[in-house]
Amino acid sequence: MIKVEGLTKRYARTVAVDNISFEIEKGQIVGFLGPNGAGKTTTMRVLTCFLPPSAGTASVAGYDVLENPMEVKKRIGYLPETPPLYPEMDVAGYLDFAGRLKGISSADIAKRADEVMEKCALGDVRYKLISKLSKGYRQRVGLAQAIIHNPDVLILDEPTSGLDPKQIIEIRELLKHLAGEHTIILSTHILSEVEHSCERVIIISQGKLVATDSVSNLTNRLRGSESVAVEIEALNGHPTSAEVQQRLEQVSGVSRVVGKDPKDGRMSFEVESLQGRHIRSDLARSVVNAGWSLSELRPVGLSLEEIFLQLTAAEAKAGHKPEAKADKPMDQKKDEQPEAPKQ
Amino acid sequence: MKNVLLICNKEVKSYFVSPIAYLLMAFFGLIFGVGFYTATRQLMQYSFQMQMQGGGPSMNVNEQIIRPLLGFASTIALFLVPMITMRLFAEEKKTGTIELLLTSPVRDLDIVIGKWAGAMTLYLCVLGMSVLDVALLFAWGKPDWKPVLVAYLGLILQGGVLLAVGAFISTLTKNQIIAGGVTFFVCLLLWLLSWFTEFNSSALSSVVNYLSIVTHFDNFAKGVLDSKDVVFYLSFIFFGLFLTSRSLESLRWRS
């Protein structure tokens, strides 16, 4: 449904999106995840034909955003970060205008407007001026505007930002209802958001694609198997790395042991468990029984949050000029990890 | 075409739900009314004197009331136009509603023409306030109606030019005040071009003089309908709207 290849968007001094490629199937809900300033909005603006790409191509339903913007626009419903509302209009009038703008004929417009008002629970406020609406209602009017012409693709830029928890749940429910018939891209920097409503995640950081995977894969890594970092002190070259590795592999429930380069006389390994097995206590016992000194045993938590932070952290280290903004939460997270083991 | 009407309609509505439309109409109606009263009273006094002295040149309502009044109206329009156009695009850029327009399946040119037509509609309503006064002249006198129509046509065309210029300037900024201020300055400049070159007859000054809006309006005010002037105004409007749509398009890669 959506195909992005080598998409790059440069502004005067910065590269907002750097060579991103991904594909989205019809009917999927995809979470577009990244820290602030990662390039989420820019990518969405390219997909909605609001901005042209500097390089690369993007197409929606087979139509290129540069060559056939009209066809793309007809198939897209877009809710920008601030809902594009005219404060002087009432809700019904606004939806009437937005619907006509998107090419709904006069004969159908009233019916469509009623339908989306019902879907978005706007019946109570239909004759209220938009300037008098609360933030939550405005967001819903924005959403109603995006779905009024029944688009194939729905692009939502932080649809739940600034809403209270109850409203967030309502929006999530609404998205679930919409999921079947529409392909939905949802950008957010709130991770639980993605866990709740998306099937797939595209993670970007500093304009680069970091990971794209299904949420279930990512959460399997989190809930299904455990990953434990083990550190053992070696005294006078004893035990050897191979010995330790062998012993760790024999612990029941272990699926894989990856050795890392020893430093300062410490050997570290990353041990992964089989699905649904808890191996930390067994690992500790095994190491202690062998008479080795265990200096660290730490679950490498793989919540979506941590996967995200690891991925974006790796990006920041490898990439150019890491930003202070992106670094900060990572450091905090590292400190927290030992205290907050994820089961 | 449907989209042009849709956007025009939306613009007109948003002018008339805010006080701006009524303010402009009241403001113009008042000033024009004062001008009308002054001009009419002068004419009355003058013709009274003429009668007392006997003979004298015959009075002409067209020449002595309508022509100077409509010339006066075209000056007031200079002040009105920035107030009409400043919000056209600047406001949409500020509130982000421009994203709705530019991501809907509507051509940029449709948006531009729609908005200009909306501004034009308000301008016509404002100008309409003067018709009340002029109608009085027709009720109690027998002015020649053709030059009046020509003068109104001139006012409308000149307004169209200034509104197109204002619309263009409004696409350049997010700030309505800046859009209004710059528009006013540019309108003034277009207006004054003829003054700068009044006592100069080089080739350059005749070009500059030609570009002045006032030069072309003079003919309309006299009741002379010259195709040269009509073409000047129309091409200026097209040029302005073309620039506006290019500028709107450039928002996509400039932002």
Side-chain angles (χ1 to χ4, degrees), chain A residues 9-12 16 41-42 44-54 63 65-66 68-90 93-94 96-106 109 129-131 141-142 145-146 148-149 151 155 157, chain B residues 1-23 84 87-115 117-118 122 171 174 176 245-255:
Chain A
K9 176 70 194 174
R10 278 183 286 270
Y11 292 122
T41 300
T42 305
M44 293 187 145
R45 283 181 165 175
V46 171
L47 283 175
T48 54
C49 310
F50 186 72
L51 291 176
S54 310
Y63 295 100
V65 291
L66 278 182
N68 244 326
M70 278 300 165
E71 296 301 319
V72 173
K73 287 177 189 175
K74 275 183 203 160
R75 287 165 177 76
I76 272 186
Y78 176 41
L79 172 61
E81 206 170 340
T82 39
L85 305 177
Y86 294 101
E88 73 271 12
M89 293 186 183
D90 64 8
Y94 172 74
D96 181 85
F97 173 69
R100 285 171 197 269
L101 203 61
K102 288 155 189 236
I104 299 177
S105 66
S106 312
I109 185 77
L129 284 181
I130 287 174
S131 58
V141 177
Q145 161 274 124
I148 192 163
H149 56 308
I155 296 186
D157 199 349
Chain B
M1 195 58 207
K2 212 180 76 192
N3 290 330
V4 172
L5 285 180
L6 177 67
I7 289 171
C8 171
N9 190 15
K10 178 223 133 200
E11 289 303 321
V12 173
K13 270 189 199 157
S14 72
Y15 280 126
F16 279 91
V17 293
S18 75
I20 184 78
Y22 305 100
L23 267 177
I84 296 176
R87 54 168 289 281
L88 278 182
F89 291 95
E91 192 181 31
E92 305 240 14
K93 283 172 78 175
K94 184 138 200 159
T95 59
T97 46
I98 195 83
E99 279 190 88
L100 174 67
L101 294 180
L102 293 185
T103 59
S104 294
V106 182
R107 287 183 305 157
D108 288 355
L109 197 62
D110 287 351
I111 298 174
V112 170
I113 296 178
K115 282 189 168 275
L122 175 59
T171 58
K174 273 185 189 173
Q176 288 194 44
S245 80
R246 299 308 286 186
S247 166
L248 193 62
E249 198 187 317
S250 79
L251 283 185
R252 298 167 187 272
W253 48 261
R254 265 194 301 137
S255 59

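Owing to the predicted nature of the structure, the values given are computational and were not obtained by experimental measurement.
- Between A:Tyr86 and B:Lys10, the closest side-chain pair of non-hydrogen atoms falls below 4.5 Å.
- For A:Glu71, no part lies under 4.5 angstrom from a heavy atom of chain B.
- Residues that satisfy the side-chain contact (heavy atoms from CB on, under 4.5 Å) test with B:Ser18, not counting sequence neighbours, are B:Ile20.
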Got a list of side-chain donor-acceptor pairs under 3.5 Å for residues 99-108 of chain B, not counting sequence neighbours?
| residue | atom | partner | partner atom | Å |
| --- | --- | --- | --- | --- |
| B:Glu99 | OE1 | A:Arg45 | NE | 3.3 |
| B:Glu99 | OE1 | A:Tyr78 | OH | 3.0 |
| B:Glu99 | OE2 | A:Arg45 | NH2 | 3.3 |
| B:Thr103 | OG1 | B:Glu99 | O | 2.5 |
| B:Ser104 | OG | B:Leu100 | O | 2.7 |
| B:Arg107 | NH2 | B:Asp110 | OD1 | 3.1 |
| B:Asp108 | OD1 | B:Arg252 | NH2 | 3.2 |

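- Taking all atoms of both residues into account, the shortest heavy-atom contact from A:Pro84 to B:Gly96 is CB-O, 3.7 Å.
- Remark: B:Thr95 OG1 to A:Leu85 CG distance equals 8.5 Å, nearest 0.5 Å.
- Only the side chain of B:Glu92 has a heavy atom closer than 4.5 Å to any heavy atom of chain A.
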